[in-house]
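Predicted model, so just to flag it, every value in this text is computed and none were measured.
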Amino acid sequence: MSKDEIFNKIADIIADRFEVKRDTITMDLNFKSDLDADSIDFVEFILELEDTFGAEISDDVAEKLNTVGEAVDYIAANGDK
């Protein structure tokens with residue numbers, strides 16, 4: 001799966017879960033500051049990424065994922081779908 005395809009799937013998840021306009025989501029979007037996501041929202045988002053992409057995302061890795069771009073890079077390297 002290409003990084004563009006991964007980005008599009010992640011952007012769709014963000015738009016749905018956080019009620020954000022899809023066309024405002026960029027690779028630089030920050031999960032915590034731009035989405036105002038609390039810890040429960042973020043954990044649920046990470047679980048959805050794991051289910052969608054078949055990637056195991058440890059708590060340590062999840063804490064370091066701050067932007068959509070970082071999530072795309074991680075999924076590209078570690079996902080299997």
Side-chain angles (χ1 to χ4, degrees):
M1 180 177 288
S2 74
K3 285 189 177 186
D4 282 341
E5 292 170 315
I6 294 168
F7 169 78
N8 286 322
K9 283 190 175 195
I10 291 175
D12 289 342
I13 292 169
I14 291 169
D16 183 53
R17 177 170 290 282
F18 297 100
E19 299 176 2
V20 177
K21 289 185 180 178
R22 172 66 174 78
D23 60 356
T24 64
I25 299 168
T26 66
M27 293 286 271
D28 295 324
L29 182 135
N30 185 289
F31 298 122
K32 294 172 181 96
S33 63
D34 295 333
L35 295 177
D36 197 27
D38 64 24
S39 58
I40 293 171
D41 291 333
F42 189 68
V43 167
E44 290 173 347
F45 171 69
I46 293 297
L47 292 173
E48 191 166 352
L49 289 182
E50 289 179 329
D51 289 345
T52 300
F53 296 103
E56 182 74 27
I57 303 172
S58 70
D59 291 343
D60 290 340
V61 169
E63 287 177 16
K64 295 174 185 167
L65 296 179
N66 296 308
T67 66
V68 171
E70 290 171 0
V72 168
D73 290 342
Y74 183 82
I75 297 296
N78 298 285
D80 63 52
K81 293 185 181 175

Exercise for review: Considering non-hydrogen atoms only, spot the tightest contact between Glu63 and Lys32 and give its length.
Suggested key: O-NZ, 4.2 Å
Exercise for review: Keeping the roles fixed (side chain from Glu70, backbone from Asn66), state whether a donor-acceptor pair exists under 3.5 Å.
Suggested key: yes
Exercise for review: Flag yes if Val72 and Leu47 sit in one hydrophobic cluster, no otherwise; membership is Ile, Leu, Val, Met, Phe, Trp, Tyr, and two members link when side-chain heavy atoms are under 4.5 Å apart.
Suggested key: no
Review point. Leu35 and Phe18: which non-hydrogen atoms are nearest, and at how many Å?
Key: CD1-CD1, 3.8 Å
Check your understanding: At their closest point, which heavy atom of Arg17 faces which heavy atom of Asp41, and how far apart are they?
Key -> CD-O, 4.3 Å
Review point. Can you list the steps and then say if Arg22 with Asp16 is a salt bridge (charged side-chain N to carboxylate O under 4.0 Å, His left out)?
Key: CA-CA 8 Å; Arg22 172 66 174 78; Asp16 183 53; over 6 Å; no
Practice item. Could you tell me whether Asp38 atom CG has more than 12 heavy atoms of other residues or ligands within 6.0 Å of it? Key: yes
**Study point:** Nearest heavy-atom neighbours spanning Glu50 and Glu56
**Key:** OE2-C, 3.9 Å
Practice item. List the atom of Val20, the atom of Thr24, and the distance in Å for their closest heavy-atom pair. Key: CG1-OG1, 3.2 Å
Check your understanding: With the 4.5 Å side-chain cut-off for hydrophobic clustering, are Val43 and Tyr74 part of the same group?
Key -> no
Study note, to complete from the structure: What one should report as the nearest heavy-atom pair of Lys3 and Asp73 is NZ-OD1, 2.8 Å
Practice item. Please indicate whether Asp36 has more than 12 foreign heavy atoms, meaning atoms of other residues, nucleotides or ligands, lying under 6.0 Å from its CG. Key: no
Point to revise | Interatomic distance, Asp59 atom CG to Ile57 atom CD1 [nearest 0.5 angstrom] | key: 10.5 Å
**Study point:** Nearest-0.5 Å distance that lies between atom CD1 in Ile46 and atom CG in Asp51
**Key:** 11.5 Å
Exercise for review: Please round to the nearest 0.5 Å and tell me the distance separating atom CD1 of Ile25 and atom CD1 of Ile14.
Suggested key: 5.0 Å
Exercise for review: Let me see the working for Ile10 and Phe45 under side chain to side chain contact (heavy atoms under 4.5 Å, CB included), right down to the final yes or no.
Suggested key: CA-CA 10 Å; Ile10 291 175; Phe45 171 69; 4.1 Å; yes
Exercise for review: List the steps and the verdict of side chain to side chain contact (heavy atoms under 4.5 Å, CB included) for Asn78 and Val61.
Suggested key: CA-CA 11 Å; Asn78 298 285; Val61 169; over 6 Å; no
